[in-house]
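What follows is a short report on a single structure.
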Protein chains: 2
Amino acid sequence: MRAEALKGHLDGLLLAALEEGPQHGYAVKEALRESTEGRIDLPSGTIYPALHRLEQAGLITGTWSVVGGRRRRTYELTSDGREALSGERDRWQEFAGAVTAALRTRPWPTTT
Amino acid sequence: MRAEALKGHLDGLLLAALEEGPQHGYAVKEALRESTEGRIDLPSGTIYPALHRLEQAGLITGTWSVVGGRRRRTYELTSDGREALSGERDRWQEFAGAVTAALRTRPWPTTT
DNA sequence: CTTCATAAGTAGCATTGCTATATATAGCGA
DNA sequence: TCGCTATATATAGCAATGCTACTTATGAAG
């Protein structure tokens with residue numbers, strides 16, 4: 001997967017992963033990897049800064065905890081986040097439809 | 001359409017627009033706008049630098065001409081460009097599939 | 001003569017995901 | 001005990017890319 005492909009679409013994926021319920025960063029990463037059958041496997045240098053951005057934007061809230069001796073930051077969608085997710089889904093539909101249309105082969109000016 | 005959404009996908013769209021036959025920049029812009037029903041309407045500051053990049057990458061070749069008093073640079077796909085377009089289409093399929101899967105609502109761990 | 005569509009271009013910016021690297025704990029195998 | 005792997009989080013700095021804003025120029029319409 002080319003590096004830039006994801007640009008502008010990551011936030012939606014992270015929000016979607018958190019829709020199922022509160023998750024910590026590492027779990028989000030795993031969830032994304034599983035839901036896409038390994039096609040989207042983000043490095044930690046992508047996922048953590050992105051979660052920080054989302055938190056600062058007020059779309060998720062995080063709380064620290066310690067589980068099994070390891071500290072965790074568990075994130076949860078805010079209501080703004082839920083709204084944003086809905087918007088991201090809409091925009092993805094629109095975007096994907098447009099790109100698919102533009103990418104479609106148009107063999108020749110048929111009488112459309 | 002959010003600014004970053006297109007990042008990493010523009011090249012494929014431009015190549016696809018040129019698949020129908022040689023076109024100059026402005027015509028590519030129009031073709032893209034029409035094939036997406038106005039959803040993708042690129043500013044000239046996006047389209048011309050991008051075409052330059054594609055030319056430098058050897059995916060398209062351009063030739064100057066003057067039509068109706070206005071100078072034009074007409075671009076044409078190279079064989080590398082054709083190959084690249086095919087690759088872009090594949091990658092788009094893969095990417096779109098992955099994002100769609102990740103964005104899908106998973107209401108709850110049903111017995112899937 | 002002004003305005004709009006056509007046609008091409010560039011400088012500089014903002015955003016964003018990635019690489020590389022660091023820290024720390026738990027558990028397993030040798 | 002030592003080393004390795006998985007878990008868990010984090011940051012500095014980079015590279016890439018599309019966009020904004022602006023410029024230049026012609027032809028047609030009013």
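So you know, we letter chains A, B, ... as the sequences are listed, proteins then strands, and number each from 1.
Here A:Gly25 lies in heavy-atom contact (under 4.0 Å) with sugar-phosphate atoms only. Using a 4.0 Å heavy-atom cutoff across all strands shown, B:Arg71 reaches sugar-phosphate atoms only and no base atom. When heavy atoms are screened at a 4.0 angstrom cut-off, B:Arg72 is found touching the sugar-phosphate backbone but no base atom. Residue-level contact check: B:Ile47 touches neither bases nor backbone, having no heavy atom under 4.0 Å from any strand.
Between A:Glu94 and A:Arg89 there is no salt bridge, since none of the side-chain N atoms of the basic residue sits less than 4.0 Å from a carboxylate O of the acidic one. Electrostatic pairing of B:Glu76 and B:Arg82 does not count as a salt bridge here, judged by no charged N lying under 4.0 Å from a carboxylate O.
One finds the CG atom of A:Leu85 at 11.0 Å from the CG atom of A:Asp11 (value rounded to the nearest 0.5 Å). Within the model, atoms NZ of B:Lys29 and CD of B:Glu34 stand 11.0 Å from one another, a figure rounded to the nearest 0.5 Å. For the atom pair CD (A:Glu20) and OG (A:Ser35), the distance works out to 7.5 Å, reported to the nearest 0.5 Å. Note: A:Thr100 OG1 to B:Trp92 CH2 = 5.0 Å, rounded to the nearest 0.5 Å. Atom CD of A:Gln93 and atom CZ of A:Arg91 lie 12.5 Å apart (nearest 0.5 Å). Put simply, OG1 on B:Thr46 and CG on B:Leu14 are 9.5 Å apart, with the number rounded to the nearest 0.5 Å.
Place A:Thr46 and B:Lys7 on DNA chain D by their nearest nucleotides, and A:Thr46 ends up nearer the 5' end. Where A:Ser44 and A:His9 each meet DNA chain C at their nearest nucleotide, the meeting point lying more 5' is that of A:His9. Along DNA chain C, the nucleotide nearest A:Gly45 and the nucleotide nearest A:Arg70 are compared for position; the residue whose nucleotide lies closer to the 5' end is A:Gly45.
Between the NE2 atom of B:His24 and the C1' atom of D:dT26 there is a distance of 13 Å, rounded to whole Å. The distance between atom CG of B:Leu6 and atom P of D:dT20, rounded to the nearest whole Å, is 12 Å. The nearest whole Å value for the distance from the CZ atom in A:Phe95 to the P atom in D:dG18 is 10 Å. Atoms CG (B:Leu51) and P (D:dC19) sit 13 Å apart, rounded to a whole Å. When the C1' atom of D:dA25 is taken as reference, atom OH of B:Tyr26 falls 14 Å away, rounded to whole Å.
Counting heavy atoms from C-beta on, the side chains of B:Arg73 and B:Tyr48 never come closer than 4.5 Å.
Note on ring orientation: taking the six-membered ring where Trp is involved, the planes of A:His9 and A:Phe95 are tilted (angle from 30° to 60°).
Side chain of A:Thr74 to backbone of A:Gln23: no donor-acceptor contact under 3.5 angstrom is found. With hydrogens and angles ignored, the 3.5 Å screen pairs no side-chain donor or acceptor of A:Thr36 with any backbone N or O of B:Ala102.
Bounding nucleotides for the chain B contact on DNA chain C, 5' to 3', at a heavy-atom distance below 4.0 Å, are C:dA5 to C:dT16.
Non-hydrogen atoms lying under 4.0 Å from DNA chain D are contributed by A:Trp64, all within residues 59-69 of chain A.
Direction of the helix axis in the helix from C:dC1-D:dG30 to C:dA30-D:dT1 shifts by 10° between the two five-pair termini, rounded to 10°.
B:Arg2 has no side-chain polar atom (N or O) that falls below the 4.0 Å cut-off from OP1 or OP2 of D:dC19.
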